[in-house]
Each structure stands twice: as C-alpha cells, then as structure tokens.
There are 2 protein chains.
Amino acid sequence: MSTSNGNSQPSDSPKPNGPFWSGGAAERNALAELLYLMGSDARGADALPAVPILMRIVREGNTLFAEGAQAEAIYFIRAGTFKTFRTAEDGYEQVLGFAGRTELVGFESLSTGHYASAAVALEDSSVYALLLRDLLSVGQRNAGLDRTVLQAVSRAMVRRGELAGVMSAVAAEVKLARFFVHLSDFMRVAGQSALTFHLRMSRRDIASYLGVAHETISRAIAALVNLQLVSVHARDVQIRDMRGLQALCGGTRQPVHDSNARHA
Amino acid sequence: MSTSNGNSQPSDSPKPNGPFWSGGAAERNALAELLYLMGSDARGADALPAVPILMRIVREGNTLFAEGAQAEAIYFIRAGTFKTFRTAEDGYEQVLGFAGRTELVGFESLSTGHYASAAVALEDSSVYALLLRDLLSVGQRNAGLDRTVLQAVSRAMVRRGELAGVMSAVAAEVKLARFFVHLSDFMRVAGQSALTFHLRMSRRDIASYLGVAHETISRAIAALVNLQLVSVHARDVQIRDMRGLQALCGGTRQPVHDSNARHA
DNA sequence: CGCGCGATTGAAGCGACTCAACGGCAGTGG
DNA sequence: CCACTGCCGTTGAGTCGCTTCAATCGCGCG
C-alpha cells in the first residue's frame with residue numbers, strides 16, 4: 001500500500017514503447033500479468049477476448065491523473081506507491097488514501113466520467129491501465145477480468161472504510177498507531193517484513209490522511225517512541241511492541257491517557 | 001441517502017412471498033425494475049439471462065446484514081434508508097455512511113466473503129438482493145446488470161470519499177454544514193425538496209458519522225440556527241440560507257503549500 | 001405512571017491547533 | 001565549490017474548542 005523495503009525491483013522489464021503507453025503485441029501478456037498480479041486464477045486467460053491492457057510508467061512526484069480530469073481509464077498498480085487526494089478551494093490537500101501494488105485507483109470516475117481525486121506517485125511506479133470504454137463495452141467481456149475488477153473495487157471500498165476508522169479515533173497517538181498497524185498488515189500480506197518498513201509519504205501526507213495537523217504527527221511519533229512501541233528514524237519504522245501497539249488501537253472515544261487515578 | 005419528506009410511499013406492492021424473500025415468477029420483473037431504478041437504460045432487458053433478483057423487506061431497526069457475517073448478497077436499496085457501521089471492541093459504533101434509494105450496500109463483502117460493516121434500517125425499507133454467486137458466475141452474464149453494478153459501486157466509492165471530506169473539517173459547525181449540504185443534494189437528485197427534509201438518523205449517528213461527540217452536534221445545530229442558516233425542529237430541517245451554508249463549508253484547514261505535482 | 005431513550009444545556013479540563021523558530025538535507029545556480 | 005533556497009521534520013508556547021461529566025427536559029411505550 002504505502003511502503004516497501006527497498007525492494008521495488010524494476011527488474012521485470014517495464015520498458016514502455018512510447019512516452020506514456022506500452023501496448024501492441026504485449027497487450028495479451030499484459031492482461032495475463034494483470035490477472036496474475038491481482039490474484040485471479042488465470043484459467044482461460046488465453047481464450048480471452050481482445051481486452052487491451054496498457055502499461056504506464058509514472059515517475060516519483062508525477063501525477064497519474066488529476067482531480068476533475070476527464071476519465072479515460074482505471075489503473076491497477078503494478079509496482080510502486082501512490083497517494084490519492086482531493087484539493088479544497090482553499091488549497092488544502094485531503095489525502096484519501098495510499099495505494100500500492102495490486103491495488104486499484106481511479107475507479108470513482110466510472111460514475112461521473114471525471115476523476116474525483118488526483119493520484120500522484122510517491123516513488124517510481126508502473127500501472128496497468130484498463131480503458132473505461134473497454135470496461136463498459138457490452139460485448140466481448142472477459143469474465144475473469146470482470147471478476148478481478150469487482151474484487152479490486154471491493155478491497156478499495158474496505159480501505160476507504162478503514163480511513164473512517166483511523167479518523168474516528170480521538171487521540172492522535174491512537175490514529176497513528178492504527179496507521180502503523182495497517183501498514184504492517186499490508187507489508188505482511190505483501191510477503192515482506194511486517195515489523196520494519198519504510199514510509200513513502202511525508203509527515204504532511206500522513207497528517208492529512210489522519211485528519212490532524214502535521215506537527216501533531218511529529219509529537220505523536222515521539223510519544224509512541226517514548227512508549228517503547230516503535231523506533232523511527234527519518235522514514236524508517238520498526239515496530240518494537242506489536243501487542244502494545246494493537247492494544248493502543250482499541251480506544252476509540254475517551255482519551256487513552258490511561259490515568260490510574262480515577263477521580264475520587 | 002438518508003431522508004425523505006414523509007413520502008416514502010409503500011404503494012408499489014412490496015408484498016413478499018415468504019418471510020424474507022420474494023421471488024419466483026416476479027424475478028424477471030425485479031431485474032427490470034432494478035435496472036430502471038438504478039438509472040440504466042433497460043435496453044434488452046427482456047433478453048436477459050436468468051439472473052435471479054430477490055426482494056426483501058426490512059423493518060425499521062432491523063439489520064439487513066451483520067458485521068462479520070458470511071456474505072450472501074449485495075443489496076440495491078429500493079426504498080427507505082439504512083445506516084452502515086462498524087462496532088469496535090469497546091462497543092463504540094463508527095457510522096460509515098447512510099444509504100438510501102438507488103444506493104448499494106454490502107459490496108465490501110465481495111473481496112473477503114464477510115460483511116465488513118453492519119447495515120440497519122432507519123425506517124421501513126425494501127431492497128433488491130443480488131446473490132454473490134450470481135455476481136461472480138462466469139457464464140450467463142448480463143451486461144446491463146454488470147454495468148449497473150459497476151456504476152453503483154463507483155458512486156459508493158465517491159460517497160466514502162465524501163466521508164473523509166466531512167471528517168477532515170476542523171470546526172464542528174463546518175462538518176455539520178457539509179452534512180446538510182450533502183443531504184440537500186441527495187434530496188434534490190431524488191426529485192424532492194432540497195430545502196426541507198427529515199433526518200432519519202439520531203444525533204448520535206450523525207455525531208459518529210462526523211467524528212465528534214453527540215453533544216457537540218446539539219451545539220453545532222444551535223449555532224447554525226443562531227446564524228439564521230437553518231431551522232431545526234426535532235428531526236425536521238429547513239435550510240434558510242443555502243448560500244451562507246455553502247460558504248461555511250469552505251473552511252478546511254490551513255492550506256498546504258503546493259509541494260508535489262511537479263510537471264503533470 | 002414510571003422507565004428509558006433522545007436531546008439539550010452547563011461547567012471544567014485538556015488536548016490539538018495555530019503561530020513561530022530552528023536544524024538538516026537536497027537541489028540549484030552563481 | 002559554496003551560498004542560497006525550499007522543503008521536511010522537530011520543538012516550544014499560547015489559545016481555543018472539543019470532550020467529558022453531569023443535570024434536566026420531553027417524549028414514546030410498556
């Protein structure tokens with residue numbers, strides 16, 4: 001979703017044909033790769049209708065799509081990390097989420113034809129693009145792809161729900177603890193170390209995502225470090241007490257400032 | 001989404017055949033009705049494969065599905081209002097959203113097989129159920145239904161993003177103002193009065209949805225009334241100054257300096 | 001009628017926001 | 001090569017607003 005252990009191997013031949021898009025003869029392979037990436041069994045992947053899948057490389061800091069732009073495609077992330085956010089009239093950036101390998105971005109555009117949020121790469125990344133006109137075409141559907149899309153969207157919905165979960169916590173340390181636990185879970189299912197990972201986003205982005213001021217993130221990190229729950233150096237995070245961290249996540253309302261002394 | 005003007009006519013013959021499900025000969029009609037309800041053009045609705053659509057009545061206060069339960073179906077709301085929420089270990093209810101006519105609930109279950117949140121009817125309601133096994137079946141797909149599902153899910157994603165939008169506001173009055181504006185928008189697109197509507201949810205539910213204490217909701221309502229922006233009696237809301245209300249929505253947080261997005 | 005629940009209002013404390021300053025780091029251009 | 005300039009991250013101090021605890025009122029319901 002948001003981190004990587006310095007692995008993100010650019011090994012598997014991204015090399016695009018054009019400035020933006022690759023395609024042509026490679027499309028058939030791209031579709032099979034996409035289904036494999038997203039965890040679908042590739043049964044019948046050879047007997048597929050001609051659903052073109054394009055690949056696109058996005059360098060760190062570049063935008064995959066802009067908020068409000070005419071929607072052309074939805075994107076499956078092949079490698080790298082993105083943040084999605086909306087920009088208010090006053091310029092405030094509300095981060096809606098971080099998306100990594102195997103995740104889907106840009107899907108909200110399907111109902112309106114315009115992207116409801118922007119997506120920017122937090123590191124050099126690559127995505128598979130599925131054009132909307134192919135997704136909505138009546139004929140020549142690919143059942144495997146359809147199922148893959150539905151499942152990916154379902155997961156995206158779950159992650160949006162988690163956003164509400166982290167923002168609902170009152171105390172900033174609790175929000176941050178939940179954020180770290182979610183990150184750890186993501187690393188684990190990605191087959192990487194669940195206790196050591198690298199933040200790909202700035203403190204500001206985290207703050208926006210959690211709904212607090214960015215200074216509060218600094219202080220919350222310091223608090224978790226003081227509690228011996230984690231070690232943080234720059235953007236490298238090491239979880240030292242997962243149990244304690246999860247215990248901290250429990251509190252929703254009511255401050256966690258434990259206070260053994262109830263008022264007498 | 002969440003309100004109705006006391007119209008919700010139970011006229012169009014809900015009458016279920018069994019205790020829970022209706023079906024049988026009416027299924028063919030139900031599919032056509034569903035497509036019409038969701039705004040799809042019903043072209044070729046007669047030449048549909050046999051996709052069974054079941055209808056279900058849910059009385060006020062009853063649960064459509066429970067959090068964590070094995071998922072059987074996703075639901076298109078035909079009439080009424082639901083709230084979706086997750087319950088923390090300490091019993092705190094985090095409201096994830098309110099869903100009304102033409103909206104979709106339960107979709108998150110698709111990726112895990114279990115419902116990630118619970119759905120409870122806030123008034124007597126009826127839904128169309130689309131069984132997961134039909135949704136995921138490889139053969140005999142209905143292109144119109146597929147497209148309808150995708151669009152409904154897209155809209156649900158947009159609404160989840162709006163949740164982040166309301167929770168990101170700092171001041172409680174701003175959150176509430178945004179909530180009212182969203183409600184008004186929903187009423188308008190539903191073809192009802194955009195300035196007068198009835199809240200179907202409790203103050204507590206609103207508070208949970210907006211991420212504040214329920215007492216704060218009372219005070220925020222009083223503040224908006226004092227500002228002559230709205231009138232509120234019990235759960236009946238009348239918007240008196242839509243411009244002022246929208247102006248209040250503007251405030252988010254201090255603007256974040258441009259930063260990212262180097263060259264598009 | 002009494003009980004419970006929803007809603008409102010008051011009082012007090014504290015936690016997060018805001019403003020501000022500082023150090024470190026990377027990119028840039030003289 | 002090194003100042004210069006942003007940006008990121010941290011830390012401090014003060015104010016404000018929300019949370020929490022508490023009491024009260026109205027209403028529906030058994």
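Predicted model only: the values in this text are computed from it and were never measured.
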Atom [atom1] of [X] to atom [atom2] of [N]: distance rounded to whole Å?
X	N	atom1	atom2	result
E173(A)	dA16(C)	CD	P	6 Å
L224(B)	dA7(C)	CG	C1'	16 Å
L122(A)	dC7(D)	CG	P	17 Å
L199(B)	dG6(C)	CG	P	15 Å
E215(A)	dC7(D)	CD	P	16 Å
D205(A)	dG9(D)	CG	P	9 Å
L176(B)	dG17(D)	CG	P	17 Å
E60(B)	dG6(C)	CD	P	12 Å

Report yes or no: do [X] and [Y] form a side-chain donor-acceptor pair below 3.5 Å?
X	Y	value
R78(B)	S126(B)	yes
R200(A)	T81(A)	no
S231(B)	R240(B)	yes

- prompt: Nearest nucleotide by nearest heavy atom, which residue falls closer to the 5' end of DNA chain C, A234(B) or A172(A)?
  reply: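 On the 5' side of the pair lies A234(B).
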- prompt: More than 12 heavy atoms of other residues, nucleotides or ligands under 6.0 Å from CZ of R59(A): is that the case?
  reply: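 Incorrect, the count does not exceed 12.
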- request: Report which part of the nucleic acid T216(B) touches: base, sugar-phosphate, or nothing (heavy-atom distance under 4.0 Å, all strands).
  value: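 Base, at least one base atom sits under 4.0 Å.
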Could you check which of [options] has an atom nearest any side-chain atom of [X]?
X	options	value
S218(B)	dC18(D), dA7(C), dG12(D)	dA7(C)
R235(B)	dG9(D), dA7(C), dT11(D)	dA7(C)
V212(B)	dT19(D), dG9(D), dT9(C)	dT19(D)
H214(A)	dA7(C), dC21(D), dT10(D)	dT10(D)
R203(A)	dA16(C), dT10(D), dA22(D)	dT10(D)

message: In the structure I gave you, are the side-chain heavy atoms of Y75(B) and R56(B) within less than 4.5 Å of one another anywhere?
response: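 Y75(B) reaches R56(B) side chain to side chain.
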message: Any carboxylate oxygen within less than 4.0 angstrom of a Lys/Arg side-chain nitrogen, looking at E108(A) and R159(B)?
response: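 The answer is no: the pair does not qualify as a salt bridge.
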field: R178(A)/E162(A) ion pair, N-O < 4.0 Å
entry: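 No, this pair does not count.
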message: So if I take the C1' atoms of five pairs at each end of the helix from dC1(C)-dG30(D) to dG30(C)-dC1(D) and get each local axis, what angle do the two axes make, rounded to 10 degrees?
response: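 Between the first-five-pair axis and the last-five-pair axis there is 30°.
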Under-3.5 Å donor-acceptor pair between R219(A) side chain and dG15(C) base: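 There is none.
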